[in-house]
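Following: one structure in structure tokens, then a few remarks.
The residues of the chain are indexed from 1 along the displayed sequence.
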Amino acid sequence: MSLFNTLLRRLHHESIPEEDFFTEIVAYLLNADPQLACAWLRKCKVLESDQAQDENLRVRVTTQVNLQRLKDHDHDCDTRIGVTQLR
């Protein structure tokens with residue numbers, strides 16, 4: 001889906017937090033440029049050491065991800081951005 005369509009969908013909600021717009025733009029850029037996404041993950045040091053060295057690593061970035069509740073937590077986790085490794 002295009003960035004414009006994604007942002008336009010968000011306009012139909014009553015209250016639109018600015019971070020939702022920022023999140024959609026960042027996710028769009030990271031998906032449009034896989035090398036940028038992997039460079040960002042390496043810079044943030046969130047990759048395992050073998051993954052950080054893998055030049056063929058590919059990821060998919062998603063937004064507005066609802067994750068199941070962790071053990072000993074009361075609520076599910078509504079995260080703004082998610083990164084999945086593609087194989």
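Residues forming a side chain to side chain contact (heavy atoms under 4.5 Å, CB included) with Gln35 (at least two apart in sequence, or on another chain): Asp33. Arg42 meets the side chain to side chain contact (heavy atoms under 4.5 Å, CB included) test with Cys38, Leu47, Ala52, Leu57; sequence neighbours excluded. A search for side chain to side chain contact (heavy atoms under 4.5 Å, CB included) contacts involving Val26 returns Phe22, Leu30, Ile81, not counting sequence neighbours.
You'll find the side chain of Leu86 stays beyond 4.5 Å of the side chain of Val59, heavy atoms only.
The NZ atom of Lys43 sits 13.0 Å away from atom CG of Leu36, with the distance rounded to the nearest 0.5 Å.
Summarising the local packing, CZ of Arg60 is surrounded by 12 or fewer heavy atoms from other residues, nucleotides or ligands at distances under 6.0 Å.
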